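Structure first, commentary second.
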Amino acid sequence: MMRHTDRMLNFRTDSKRYVIHPNAVHSSFRAFSSILFFLLTCLACPPQSLAHRQHLSWSTIVWNEQASMLEITHRVHAHDASTWLRARSKTEIDITDIQHQARFALYSAERFKLQNNQIWQAPELLGAELKGNYFLTYQQLNLDAAPTSLFFEITILMDLFDDQEHIVNVESSSGVKSLSFDLQNTYQGVQI
């Protein structure tokens, strides 16, 4: 009678050879096919692609002492910019098209408001570009002196995504200060 441990692989002490039991081939094939199915599924649908990508955008504000200027860069995921443009035009758009880039750059500049020392300022829109998976918008603001406090009102893409978050990093000689904006918190400030 065959013992439970002898079902897959029989080692016969008398012959010093391995003998494969007929059920072992079937079980091994099932195990192999299960592993193969799992690996192919992971390759076809990686777990990252099944997850919801967070809607996150950034602005970096840098004080340029030599030019007496605030340099502002907004970074938005290109897919989110395309989605916003598509929702407004009701047609397919190409984010590499310069007209679509200009439209989104104007929108970003309009949704980014800056207050310097309790006075609302209008930063100049310099341009925009597509860089990898991100759409970058560039602005600048000439100032007579380094700012001591900056306040922001930011609603970029918050009219499209309820879960949109926007991070502002203010870089100065004293270091980097970060603020986080969302639909419930669109106005904040920082002392520099």
Side-chain angles (χ1 to χ4, degrees), residues 39-64 67 69-116 120-142 147 149-172 175-190 192:
L39 291 174
L40 289 174
T41 302
C42 287
L43 287 173
C45 303
Q48 299 90 341
S49 69
L50 299 174
H52 170 72
R53 183 180 54 77
Q54 182 180 5
H55 296 113
L56 182 64
S57 52
W58 303 264
S59 292
T60 304
I61 306 352
V62 178
W63 172 246
N64 183 333
M69 186 177 308
L70 274 180
E71 297 171 345
I72 303 160
T73 304
H74 308 294
R75 181 184 302 262
V76 174
H77 199 279
H79 182 266
D80 293 344
S82 295
T83 302
W84 184 87
L85 287 163
R86 198 170 27 259
R88 298 305 173 267
S89 66
K90 308 285 189 224
T91 61
E92 282 300 311
I93 60 99
D94 180 8
I95 194 68
T96 62
D97 184 287
I98 194 77
Q99 290 178 333
H100 291 134
Q101 290 181 8
R103 186 171 178 204
F104 192 80
L106 288 168
Y107 162 79
S108 294
E110 180 182 292
R111 295 295 186 127
F112 174 84
K113 295 181 173 45
L114 181 141
Q115 192 178 43
N116 174 37
W120 287 103
Q121 304 283 325
E124 176 187 3
L125 179 59
L126 298 175
E129 70 176 324
L130 194 59
K131 205 172 204 180
N133 288 333
Y134 294 96
F135 184 79
L136 304 173
T137 303
Y138 303 102
Q139 291 182 279
Q140 68 182 17
L141 178 63
N142 289 316
S149 66
L150 293 172
F151 285 82
F152 307 97
E153 184 177 333
I154 300 173
T155 57
I156 297 171
L157 292 174
M158 291 179 192
D159 56 333
L160 183 63
F161 304 116
D162 291 338
D163 63 342
Q164 179 69 37
E165 290 185 49
H166 192 89
I167 305 297
V168 172
N169 294 315
V170 180
E171 297 178 18
S172 68
V176 177
K177 296 186 179 177
S178 297
L179 302 170
S180 180
F181 296 80
D182 58 26
L183 271 174
Q184 288 73 43
N185 189 18
T186 60
Y187 179 80
Q188 290 186 65
V190 65
I192 301 174

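Quick note: residue numbers are just sequence positions, from 1. Bear in mind that the values here come from a model prediction, so they are computed numbers and not experimental data.
- Residues that satisfy the side-chain contact (heavy atoms from CB on, under 4.5 Å) test with Ala109, not counting sequence neighbours, are Leu125, Gln139.
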For residues 151-162, which side-chain N or O atoms pair as donor and acceptor with protein atoms under 3.5 Å away, sequence neighbours left out?
unit_1 : atom_1 : unit_2 : atom_2 : d
Thr155 : OG1    : Arg111 : NH1    : 3.1
Asp159 : OD1    : Tyr107 : OH     : 2.6
Asp159 : OD2    : Trp84  : NE1    : 3.4
Asp159 : OD2    : Arg88  : NH2    : 2.9
Asp159 : OD2    : Arg111 : NH2    : 3.3

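- Interatomic distance, Ser59 OG to Ile167 CD1, rounded to the nearest 0.5 Å: 10.0 Å.
- To the nearest 0.5 Å, atom CD1 of residue Ile72 and atom CD of residue Glu124 are 10.5 Å apart.
- Every residue two or more places apart in sequence or in another chain that forms a side-chain hydrogen bond (donor to acceptor under 3.5 Å, both in side chains) with Ser57 is listed here: Gln164, His166.
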Please list every donor-acceptor pair under 3.5 Å in which a side-chain atom of residues 91-102 meets a protein atom from a residue at least two apart or in another chain.
unit_1 : atom_1 : unit_2 : atom_2 : d
Thr91  : OG1    : Ser89  : OG     : 3.4
Asp94  : OD1    : Thr96  : N      : 3.1
Asp94  : OD1    : Thr96  : OG1    : 2.7
Asp94  : OD2    : Thr96  : OG1    : 2.8
Asp97  : OD1    : Gln99  : N      : 2.8
Asp97  : OD1    : His100 : N      : 3.4
His100 : ND1    : Asp94  : O      : 3.1
Gln101 : NE2    : Ile95  : O      : 3.0

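- The OG atom of Ser178 sits 9.0 Å away from atom CD of Glu171, with the distance rounded to the nearest 0.5 Å.
- Checking Asn169 against Thr60 by side-chain atom types alone, no donor-acceptor pair falls below 3.5 Å.
- Put simply, the side chain of Leu114 reaches to within 4.5 Å of the side chain of Leu70, judged on heavy atoms.
- From Gln121, atom CD reaches atom CG of Leu141 across 5.0 Å, with rounding to the nearest 0.5 Å.
- Nearest heavy atoms, Leu130 versus Ala78: CD1-CB, 3.7 Å.
- With sequence neighbours excluded, no residue forms a side-chain hydrogen bond (donor to acceptor under 3.5 Å, both in side chains) with Asn142.
- Under the side-chain hydrogen bond (donor to acceptor under 3.5 Å, both in side chains) criterion, Trp63 pairs with Glu65, sequence neighbours left out.
- The closest side-chain heavy-atom distance from His74 to Phe104 is not below 4.5 Å.
- Scanning for side-chain hydrogen bond (donor to acceptor under 3.5 Å, both in side chains) contacts around Tyr138 gives Glu129, with sequence neighbours left out.
- Rounded to the nearest 0.5 angstrom, Arg75 CZ and Thr137 OG1 are separated by 11.0 Å.
- Interatomic distance, Asp182 CG to Leu56 CG, rounded to the nearest 0.5 Å: 11.0 Å.
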